[in-house]
Amino acid sequence: MNKIKLIIAREYLTRVKKKSFIIMTILAPVLMAALIIVPMVITMKTMESHKQMNVLVIDDNDFFINKLDENVSTVFTYRSGEVNEFKKELFTGGYDAILHIIKGNSALRANLYFDKDPPSRFVPNLESQLDKQLFDKLLMDTFNIRPQQFEAYKATTQAHISSIKIDEFGNEKNSFAMVSKIVGMVCGLIIYFFIFMCAQQVLRGVLEEKTNRIIEVLISSVKPMQLMLGKIVGVAMVGLTQFVLWVVLTFILILGVQILVPNLLSGDAGMLQSAMQTQMQGTTLTAIDAEQLLTQNSLLEEIQNYFNFSFTTLLLCFLFYFIFGYLIYASLYAAVGSAVDTETDSQQFLLPVTIPLLLTIMMIMPISETPSGSLALWMSMIPLTSPVAMLIRLPSGVPLHELLISMSLCVIFFFFCVWLAAKIYRIGILMYGKKTTWRDLGKWLKY
C-alpha cells in the first residue's frame, strides 16, 4: 500500500508542478469567465452606441400617418409626395430609411429604401406594426369592435399551464423542464470531456515510461498492478484538483466583475426596457406575461426550487460518475498504452473503447428530451455509457432504485476493468518492437 501511495504522490506532484498545468489552470477560468462576460459587454456597448433610426414614412393610403409607435431607437416622420423626390435625402443625412406604403385595397405592400443596412429586427417590427394597424381597422370596420375591447377579451381567454411534479408521497413541486434539460446536457458534456482528457493523460504517461524504458526500473521495485493503480489514481487526483480550481477561480472572476461593474450581469433597467419594447413591437403584453416579467428576478433567485433533484445530490452524483467513469476508462486506456509502442498504434484498440461514450454524446438530445424513456434508461445502466447518460437524466428526476443500480454496476464493472487491464498491463508493459494484435491480447488474458 505504501508503494501505491508513493506512485500516486509521484504522478500527482509531477503533473501539478508542470508549467502547462499551471498555465491551463489559470487560463481556462479566464476564458470561461470571458465567454460569459464579453458577450454581455459587447451587447451593452452595442445597445449604448446604437444609432437612432430616423425613418421617413410616405403613405399613399393616408391611413398609417401618426399611427406607428416610436421608441428610443426609431423615430418616424410623415410626409406626402412622390417617393423619388425624397430618395436623395438618404445620402444628405436627412433620413436613415424611407418607408413607402403603396396604395392598394386588397393587400398591403410597402418598400423600404436605405443606403446602410438597418438592424435585423427593424423590418419585422415594422411589419408587425403595420399588421396590427390593419387588423385593428378590420375589427372596427367589419365587427364594430374596438381594439381595446379585443385585447381585453384576448387577455381573459388565454390559458396558462403550470408544470407540477408529484412524488410517490404526494408532495408537489414546480418543474422547470427546460432548465433541467440544459443543466443535464452541460453536466454530461463536462464529464465527457474530463473523462477523455484524464484518461488520455494515463495513456500518454504509460507510453512515455515504456518508450523511455523507465518502466523496467519501476517494475523491479513494484508490481505492475500497483504501478497501474498508482498512475490511474494519481492522474484522477490531478483532474479533480484542476476541476475544483477551475470552478473556484471562474466563480471568483465572475463575482469580482459583478462587484466592480454591478450593472453588467444584472443589466441596465432602461436598456433592458428598450430592448423589450423593440422585441415586442406590435404585440400586447398580457396579464400573465406582465406577471412573469415582474417576478423574473425572484424566479432566478429561487431557480433551484424548480429542479427535481437537489444541487447537493447532483454534485455528489457528478463526482461519483466522474471518478468511476474516469477509473473505468483510465484502466482500459492504461491497458491499451501498455500493449503498444506509439500513440498512433493505440487507435485501433481505443476505437471500441471510446465508441460507447461517443454514442452517448450523439444521443444527448433524445436522452434529454425523454429522460425516462427506454433509451435513456438502458444507456444510464450500461457502465460504459452511464457516466454521461445518468448525468443528463439526473436534473429531470431519476428514481432512487435506478440510480443505485447504475452506481452499483459502475463499481462492479470498474473492478472487472481493473482485473482485465492488469492482465494485459503486466505483459504488455515489457513488450517492445512487436505490433500487438487482438489475438495477442486474448492470449495475455489467459495467462
Side-chain angles (χ1 to χ4, degrees), residues 46-158 268-294:
T46 302
M47 293 175 66
E48 289 174 354
S49 62
H50 183 66
K51 180 183 176 182
Q52 187 181 61
M53 290 283 293
N54 191 359
V55 182
L56 173 63
V57 179
I58 301 174
D59 183 10
D60 294 344
N61 301 280
D62 295 330
F63 174 74
F64 295 95
I65 297 177
N66 297 325
K67 291 185 178 180
L68 299 178
D69 296 331
E70 297 183 347
N71 52 45
V72 294
S73 61
T74 308
V75 175
F76 295 102
T77 303
Y78 302 89
R79 296 176 68 177
S80 300
E82 179 63 31
V83 65
N84 292 326
E85 298 177 1
F86 300 102
K87 288 181 181 180
K88 60 183 179 181
E89 298 191 27
L90 289 174
F91 304 95
T92 60
Y95 300 102
D96 299 300
I98 298 176
L99 178 64
H100 177 214
I101 303 175
I102 303 173
K103 187 175 183 62
N105 297 322
S106 57
L108 180 67
R109 293 178 59 248
N111 295 326
L112 183 69
Y113 301 95
F114 53 85
D115 63 327
K116 295 181 180 179
D117 290 341
S120 58
R121 291 293 305 169
F122 180 73
V123 173
N125 288 337
L126 277 179
E127 289 178 341
S128 64
Q129 287 201 58
L130 297 176
D131 290 344
K132 184 178 185 303
Q133 293 297 332
L134 287 175
F135 185 76
D136 291 345
K137 185 176 185 299
L138 177 65
L139 288 176
M140 288 292 296
D141 295 345
T142 306
F143 302 101
N144 197 24
I145 299 176
R146 290 179 299 165
Q148 295 81 359
Q149 289 179 314
F150 176 79
E151 296 298 340
Y153 295 149
K154 185 178 178 181
T156 58
T157 57
Q158 286 185 335
D268 182 78
M271 292 167 57
L272 180 61
Q273 183 179 5
S274 173
M276 288 173 55
Q277 290 176 352
T278 302
Q279 292 291 333
M280 300 175 65
Q281 283 287 348
T283 61
T284 302
L285 188 65
T286 64
I288 294 174
D289 294 330
E291 182 182 357
Q292 290 178 344
L293 290 173
L294 290 174

How long is the span from the [atom1] atom in [X] to the [atom2] atom in [Y], to the nearest 0.5 Å?
X      : Y      : atom1 : atom2 : result
Asn125 : Met53  : CG    : CE    : 11.0 Å
Phe86  : Leu56  : CZ    : CG    : 6.0 Å
Lys103 : Arg109 : NZ    : CZ    : 14.0 Å

Looking at [X] and [Y], would you say the former's side chain and the latter's main chain have a donor-acceptor pair under 3.5 Å?
X      : Y      : answer
Gln149 : Arg146 : yes
Asn61  : Phe63  : no
Asp96  : Val55  : no
Gln133 : Phe64  : no

Q. How would you list, by chain and number, every residue that makes a side-chain contact (heavy atoms from CB on, under 4.5 Å) with Asn84, sequence neighbours excluded?
A. Glu82, Lys87
Q: Not counting sequence neighbours, which residues clear side-chain contact (heavy atoms from CB on, under 4.5 Å) with Phe150? List them please.
A: Phe135, Leu139, Ile145, Lys154
Q.
Using the rule given for side-chain contact (heavy atoms from CB on, under 4.5 Å), can you reason through Thr74 versus Phe122, listing the C-alpha separation, both sets of side-chain angles and the distance that settles it, and then say yes or no?
A. CA-CA 9 Å; Thr74 308; Phe122 180 73; 3.8 Å; yes
Q) If every non-hydrogen atom of Pro118 is compared with every non-hydrogen atom of Leu112, which pair is closest and at what distance? A) CG-CD2, 4.5 Å
Minimum side-chain heavy-atom gap [X]-[Y] below 4.5 Å:
X      : Y      : value
Leu99  : Tyr113 : no
Phe114 : Ile98  : no
Val57  : Arg79  : no

Q: In sequence, state the C-alpha distance, the side-chain angles, and the governing distance for Phe76 and Leu126, and then conclude on side-chain contact (heavy atoms from CB on, under 4.5 Å).
A: CA-CA 11 Å; Phe76 295 102; Leu126 277 179; 3.6 Å; yes
Q) Out of Asp62, Ile58, Leu68, Asp59, which one pairs with Tyr78 under the side chain to side chain contact (heavy atoms under 4.5 Å, CB included) rule? A) Leu68
Q. For Asn144, does the CG atom sit with more than 12 other heavy atoms under 6.0 Å from it, leaving out its own atoms?
A. no
